[in-house]
Amino acid sequence: MKKFLSKFYLALIFILLYAPIATLIVLSFNASKTRAKWGGFTLNWYVELFQNEAIMDALYNTLAIALISSLIATVIGTAASLGINAMNKHFKTVLMSITNIPMLNADIVTGISLMLLFIAFGIKFGFSTILLAHITFNIPYVILSVMPKLKQIDQNTYAAALDLGASPLYAFFRVIMPDILPGILSGFLLSFTMSLDDFIITHFTKGSGVDTLSTKIYAEVRKGIKPEMYALSTLLFVSVLVLLIAVNKAPKQRKKVSQEDSL
């Protein structure tokens, strides 16, 4: 009985999590514009999605900001992690505490703070301000993903590489980088997902005429959500799902190859 209840509880949680997504996917193929009636199977909403310039512009802005901000934040966050890891215990504790503040801080506070900062420096709101804001709140996610990997590294290996004649840069890329690469990839993917999903900070730092998917959907809600949004959300969900499966299978594939090579 206890085993049955635990499985039932787990199944209930997954149903609550994924039932809304399943409903959205079904509605993206519904020929009727109303959610209360099934009008037959159709792909028209997917066709109209790619013909809607406003939505496609918002999608382009969203993907461009998420990709660029994640790449820049990953480079800065990785460099910051290396610097923090080289400090003494006192300074490391202080900086890690400071790094955790943006994670615990409310998004609305971060958004308003960045908005006031841009106003103070006279920066014109637009694509660039959204990009700077996303880089800012993505960096802590990268640091907190890379630091655990750095703690697992045996520093003697790096010192041995230097003693054998390797330059610091060569030793870093050949000794340190392979060990922290999973953390870097995790930080990049987490940053990309957070940037893709953000609304509040984007809302406070965007200019007129610049929209991301989150701000575009927010504007559409007041007028009524178009079925094209269901199609777009379905494509995004499938893309993220495929990406997660690929990322999770890659380490297993590399481990299998390394085992075969050792044999």
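Only heavy atoms go into these numbers, but all of them, side chains included; no hydrogens, no water, no symmetry mates.
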Straight-line distance of T74 OG1 to I139 CD1, nearest 0.5 Å: 9.5 Å
Are side-chain heavy atoms of L150 and V146 found at a separation under 4.5 Å? yes
Between V142 and I76, is there a side-chain heavy-atom distance shorter than 4.5 Å? no
CD1 (I217) and OG1 (T212) are apart, to the nearest 0.5 Å, by 8.5 Å
Take F127 and K206 through the test side chain to side chain contact (heavy atoms under 4.5 Å, CB included) and record every step on the way to the result. CA-CA 7 Å; F127 185 92; K206 81 180 191 72; over 6 Å; no
Taking atom CZ of F41 as the centre, report whether more than 12 heavy atoms of other residues, nucleotides or ligands fall under 6.0 Å from it. yes
When I201 is tested against each of T136, I112, T110 for side chain to side chain contact (heavy atoms under 4.5 Å, CB included), which residue passes? T110
Taking every heavy atom of S69 against every heavy atom of N138, the minimum-distance pair comes out as OG-ND2, 3.4 Å
Minimum heavy-atom separation for F29 and W38, please, with both atom names. O-CH2, 3.6 Å
Kindly work out whether a path of hydrophobic side-chain contacts (I/L/V/M/F/W/Y, heavy atoms less than 4.5 Å apart) joins Y170 to F173. no
Give, for atom CD1 of I176 and atom CG of L181, the distance between the pair rounded to the nearest 0.5 Å. 13.0 Å
Pair Y9, L5 - check side chain to side chain contact (heavy atoms under 4.5 Å, CB included), show working. CA-CA 6 Å; Y9 176 70; L5 288 175; over 6 Å; no
Roughly how far apart are Y230 OH and T23 OG1, rounded to 0.5 Å? 10.5 Å
Contact summary for S70 and S191, nearest pair of heavy atoms: OG-C, 3.4 Å
Spell out, yes or no, whether I119 and L117 are grouped together once hydrophobic residues are joined by side-chain heavy atoms under 4.5 Å, including indirect joins. yes
Any ion pair linking K149 and D179 (charged N to carboxylate O, less than 4.0 Å)? no
Shortest non-hydrogen contact from T129 toward T205: OG1-O, 2.6 Å
Give me the atom names and distance for the closest heavy-atom approach of G111 to F204. O-CB, 3.6 Å
Same apolar cluster: V26 and L24, side chain cutoff 4.5 Å: yes
Taking C-beta and beyond as the side chain, do T202 and F199 meet within less than 4.5 Å on heavy atoms? no
Please determine, by modelled atom types, if H203 and T215 share a side-chain donor-acceptor pair under 3.5 angstrom. no
Could you walk me through whether L144 and N100 satisfy the side chain to side chain contact (heavy atoms under 4.5 Å, CB included) test, starting with their C-alpha distance in whole Å, then the side-chain angles of each, then the deciding distance to 0.1 Å, before giving a yes or no? CA-CA 8 Å; L144 294 174; N100 278 302; 3.6 Å; yes
May I ask you to check whether over 12 heavy atoms, not counting those of I108, lie within 6.0 Å of atom CD1? no
In the structure I gave you, are the side-chain heavy atoms of I184 and S145 within less than 4.5 Å of one another anywhere? no
Of the options I65, T62, L114, which is the one that meets I130 in a side chain to side chain contact (heavy atoms under 4.5 Å, CB included)? I65
Are S214 and D198 side-chain neighbours, meaning at least one heavy-atom pair lies under 4.5 Å? no
Show your reasoning for whether side chain to side chain contact (heavy atoms under 4.5 Å, CB included) applies to S113 and V109. CA-CA 6 Å; S113 301; V109 175; 4.1 Å; yes
What is the minimum heavy-atom distance between K216 and A58, and which atoms define it? CB-CB, 4.1 Å
Would you mind reporting whether M87 and V94 have side-chain heavy atoms less than 4.5 Å apart? no
Is it true that a side-chain atom of S195 and a backbone atom of F192 form a donor plus acceptor pair closer than 3.5 Å? no
Do N61 side-chain atoms and D211 backbone N/O form a donor-acceptor pair below 3.5 Å? yes
How long is the straight-line distance from CG of L10 back to NZ of K7, given to the nearest 0.5 Å? 10.0 Å
Side chains of I143 and L95 in contact at under 4.5 Å (non-hydrogen atoms): no
Are I135 and I101 connected, step by step, through hydrophobic side chains (Ile, Leu, Val, Met, Phe, Trp, Tyr) whose heavy atoms are closer than 4.5 Å? no
Nearest 0.5 Å please: distance from the CG atom of N85 over to the NZ atom of K151. 8.5 Å
Could you state whether I153 and L164 fall into the same hydrophobic cluster, counting links through intermediate Ile, Leu, Val, Met, Phe, Trp or Tyr residues with side-chain heavy atoms under 4.5 angstrom apart? no
For residues 42-50, tabulate all N or O donor-acceptor pairs below 3.5 Å that involve a side-chain atom, not counting sequence neighbours.
unit_1	atom_1	unit_2	atom_2	d
T42	OG1	N44	N	3.0
T42	OG1	N44	ND2	3.1
W45	NE1	N30	O	2.5
Y46	OH	S28	OG	2.8

Describe, in one word, how the ring planes of H134 and F137 are oriented to each other, choosing from parallel (under 30°), tilted (30 to 60°) and perpendicular (over 60°). tilted
Can you find a heavy atom in the side chain of T193 that is under 4.5 Å from one in the side chain of Y141? no
